[in-house]
Amino acid sequence: MADQKILTVQDISCVGQCSLTVALPIISACGIETCILPSAVLSTHTGGFTGYTFRDLTDDIDGIVSHWVKEGITFDAIYTGYLGSKRQIELVKDMFNRVAADQCLKIVDPAMADHGKLYYGFDEAFAKEMGSLCGVADIVLPNITEAAMMTGMPYVEKNYDEAYIRALMDSVLALGAKTVVLTGVSYREGELGAAVLSRGDKEISYYFHERLAKNCHGTGDIFASAFVGAAVKGRSALEAARIAADFTLAGMKATQDDEAHWYGTKFEKALPMLVNELNH
Ligand code: PXL
């Protein structure tokens with residue numbers, strides 16, 4: 001197979017182990033050339049720091065993409081994460097048409113909410129717009145909160161059954177996506193995993209692993225980046241979800257006992273396992 005080149009569009013949070021500072025090293029470790037389009041530059045992420053700076057780069061996006069079009073640059077996959085505004089979502093949809101190579105794999109992580117709440121600065125209208133971006137994607141990677149917010153379904157935190165998860169995933173597919181990988185699914189105490197459903201599938205496929213005592217920040221971005229790397233390397237959605245979940249779990253294990261590291265996940269410690277898994 002010819003070497004693949006991918007584009008990822010999300011912010012640079014200078015400190016905080018999320019978005020581009022996570023996507024670049026992880027996808028590179030998968031052996032894939034990773035091009036970036038920063039949607040904004042923040043001094044830190046917004047999840048627990050106060051007083052961070054935020055430089056919106058929306059006005060630069062069209063010029064950057066137009067230059068690529070002029071140069072004949074296209075991408076075998078485009079992966080979007082945290083986006084700062086509804087206008088950026090529109091620009092990403094436009095990008096899907098302008099710089100996608102033939103058979104380009106479009107993967108959208110609607111990184112905007114968790115634990116029943118939108119991240120700081122987002123509202124319901126933004127969530128609906130993100131739903132429309134998921135509608136033009138091949139694969140979408142929401143957690144349960146994001147899936148509920150994009151589809152208007154109720155958010156249920158725990159003790160839900162498979163019928164709820166199935167309805168949620170069907171609603172995400174109804175937005176237009178071909179495959180949904182729902183993260184943070186748990187039917188039993190002590191287990192956590194991802195659920196995979198593609199259009200036309202009769203049943204949901206799952207990958208579960210142990211649930212750790214503490215959540216870590218940035219795990220959605222770490223999971224999504226490793227998933228993208230594995231999927232671009234030709235792994236099925238379920239296999240990519242397994243690789244991404246095991247990688248994320250290993251990073252979380254390395255972080256559990258470090259109280260001072262509340263703002264991120266030490267995914268660097270787990271990079272060798274990803275290199276081994278995907279580079280042969
Ligand atoms: O991890 C998702 C993320 C990405 N980018 C920024 C964020 C967050 C989550 O808090 O604040 C700026």
Side-chain angles (χ1 to χ4, degrees), residues 7-27 34 36-58 60-61 78-89 91-92 107-124 126-127 129-131 133-134 137 140-150 155 181-184 192 194 212 214-229 244-245 247-249 251-252 254-255 261-268 270:
L7 170 66
T8 181
V9 188
Q10 43 192 317
D11 70 281
I12 297 176
S13 288
C14 299
V15 171
Q17 282 173 314
C18 68
S19 38
L20 280 182
T21 65
V22 161
L24 249 179
I26 291 177
I27 303 171
T34 311
I36 62 165
L37 206 174
S39 54
V41 180
L42 295 83
S43 51
T44 65
H45 63 61
T46 66
F49 294 101
T50 51
Y52 47 82
T53 67
F54 188 108
R55 169 81 58 193
D56 183 359
L57 297 179
T58 306
D60 292 318
I61 292 177
I78 301 176
Y79 151 44
T80 71
Y82 183 102
L83 299 171
S85 63
K86 282 172 39 177
R87 196 168 144 235
Q88 283 192 352
I89 293 175
L91 286 163
V92 166
I107 302 179
V108 172
D109 174 8
M112 61 179 180
D114 208 355
H115 308 296
K117 279 204 246 142
L118 285 162
Y119 295 151
Y120 185 82
F122 294 141
D123 58 16
E124 238 174 74
F126 180 87
E129 193 72 25
M130 189 57 94
L133 180 62
C134 287
V140 297
L141 308 169
N143 57 36
I144 293 176
T145 304
E146 290 157 347
M149 285 180 172
M150 290 190 299
Y155 168 68
V181 178
L182 188 69
T183 58
L192 187 69
L212 300 179
K214 275 201 291 183
N215 287 325
C216 296
H217 196 276
T219 49
D221 296 354
I222 293 168
F223 176 90
S225 300
F227 179 94
V228 166
F247 172 66
T248 307
L249 183 70
M252 290 175 75
T255 314
H261 208 91
W262 59 269
Y263 57 84
T265 304
K266 299 182 184 182
F267 69 91
E268 300 87 354

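One-based numbering, in listed order, for ligands and for the atoms of each. Excluded from the calculations below are hydrogen atoms, water molecules and symmetry mates; all remaining heavy atoms, backbone and side chain alike, are included.
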| In the protein, which heavy atom is nearest to atom 9 (C) of ligand 1, and how far is it? | Tyr119 CE1, 3.7 Å

| query | Do the ring planes of Phe227 and Phe223 sit parallel (below 30°), tilted (30 to 60°) or perpendicular (above 60°)? | reply | parallel

| said: Is a donor from one side chain sitting under 3.5 angstrom from an acceptor on the other, for Ser19 and Asp221? | reply: no

| said: I'd like to know if the side chain of Thr265 reaches the main chain of Met252, judged simply by a donor and an acceptor atom lying under 3.5 Å from each other, with no hydrogens or angles considered. | reply: no

| message | Students often mix this up, so state it plainly: with edges at 30° and 60°, are the rings of Phe49 and Tyr263 parallel, tilted or perpendicular? | response | tilted

| request: Using a strict 4.0 Å cut-off to heavy atoms of Ser19, name the atoms of ligand 1 that fall inside it. | output: 4 (C), 5 (N)

| remark: Quick look: Thr46 vs ligand 1, heavy-atom contacts under 4.0 Å, and the answer is both

| message | Treating Glu129 as the side-chain partner and Lys86 as the backbone partner, does any N or O pair qualify as donor plus acceptor under 3.5 Å? | response | no

| said: Looking only at the side chains, is there a donor atom on one of Gln17 and His261 sitting less than 3.5 Å from an acceptor on the other? | reply: yes

| said: Give me the nearest non-hydrogen protein atom to atom 2 (C) of ligand 1 as residue plus atom name, then the distance to 0.1 Å. | reply: Asp221 OD2, 3.3 Å

| So which protein heavy atom does atom 10 (O) of ligand 1 come closest to, and at what separation? | His217 NE2, 3.4 Å

| query | Which heavy atom of the protein is the closest neighbour of atom 5 (N) of ligand 1, given with residue, atom name and distance? | reply | Asp11 OD1, 2.8 Å

| query | Taking the six-membered ring for Trp, are Tyr119 and Tyr82 parallel (under 30°), tilted (30 to 60°) or perpendicular (over 60°)? | reply | parallel

| said: Show the atoms of ligand 1 that are less than 4.0 angstrom away from any heavy atom in Cys18. | reply: 1 (O), 4 (C), 5 (N)

| query | Strictly under 4.0 Å, does any heavy atom of Gly220 approach an atom of ligand 1? | reply | no

| field | Within reach of ligand 1, part of Gln10 (heavy-atom separation under 4.0 Å) | value | neither

| request: Please say whether Tyr82 places an N or O atom under 3.5 Å from an N or O atom belonging to ligand 1. | output: no

| Taking N or O atoms only and a 3.5 Å limit, does His45 qualify as a polar contact for ligand 1? | no

| message | Distance alone, cut at 3.5 Å: any donor-acceptor contact between the side chains of Gln88 and Thr58? | response | yes

